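Everything quoted here is computed from the prediction, not taken from an experiment.
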Amino acid sequence: MKRDLAWLVVATLAMASVALAQGSASKDGPKKHGSNGASSEAVLRGKRVFDKKCAVCHYTASGARKVGPGLKGMNKRGTFSANGNKITDESLKAWIENGNNLMPPFKDVLDAEELKNIIRYVKTL
């Protein structure tokens with residue numbers, strides 16, 4: 001009898017957990033990320049472009065070097081690992097567009113919106 005009651009409690013808690021998780025994942029409307037006010041949609045678009053164009057050389061879940069440096073925590077670090085310059089939206093934009101001897105330029109590869117969204121995404125890492 002006690003065992004049946006224990007299973008009933010466990011099953012009820014498990015179903016309640018699933019219901020709560022589904023409810024919080026299905027709320028409508030864009031969520032804000034960071035101080036730049038980027039919507040979660042823009043960040044997701046940035047992630048998609050990043051995965052196609054940048055992930056070949058950069059990790060996002062690690063600070064470890066792949067071909068280029070890992071980008072996890074880059075925004076918190078506040079400076080580029082290659083030159084120590086301060087990371088801002090403008091400096092990220094310039095770096096991505098122009099590249100350097102370590103990274104190819106993406107000025108002719110990315111349009112303005114793709115570039116903004118990649119910056120929004122990278123800032124969430």
- Query: Got a sec, which residues hit side-chain hydrogen bond (donor to acceptor under 3.5 Å, both in side chains) with N98, two or more places apart in sequence or on another chain?
  - Reply: K107
Is there side-chain contact between [X] and [Y], with at least one heavy-atom pair below 4.5 Å?
X	Y	value
L92	I87	yes
E41	L44	no
K86	T88	yes

- Note on the structure: Taken to the nearest 0.5 Å, the spacing of K52 NZ from R48 CZ works out to 8.5 Å
- Item | With K93 via salt bridge (Lys or Arg N to Asp or Glu O under 4.0 Å) - residues at least two apart | E97
- Listed partners of K47 passing salt bridge (Lys or Arg N to Asp or Glu O under 4.0 Å), at least two apart: D51
Taking distance alone, no hydrogens or angles, what donor-acceptor pairs closer than 3.5 Å link side-chain atoms of residues 61-73 to residues at least two apart or in another chain?
residue: S62; atom: OG; partner: A64; partner atom: N; Å: 2.8
residue: R65; atom: NH1; partner: V67; partner atom: O; Å: 2.8
residue: K66; atom: NZ; partner: A55; partner atom: O; Å: 2.6

- Task: Let me see the working for I118 and C54 under side-chain contact (heavy atoms from CB on, under 4.5 Å), right down to the final yes or no.
- Result: CA-CA 9 Å; I118 286 174; C54 312; 4.2 Å; yes
- Message: salt bridge (Lys or Arg N to Asp or Glu O under 4.0 Å) for D89 and K123? Distances and angles first, verdict last.
- Response: CA-CA 9 Å; D89 286 4; K123 290 175 71 176; 2.7 Å; yes
- Only pairs at least two apart or in different chains count here, so list each ring pair (Phe, Tyr, Trp, His ring centres under 6.0 Å) that has a residue in residues 54-90. F80-W95
- Message: Test of understanding: with ring-ring contact (aromatic ring centres under 6.0 Å, His included), list the residues that count as partners of F106, not counting sequence neighbours.
- Response: none
- D108 atom CG, over 12 foreign heavy atoms within 6.0 Å: no
- Item | Reference residue E114; test side chain to side chain contact (heavy atoms under 4.5 Å, CB included); the match among I119, I96, V49, V109 | V49
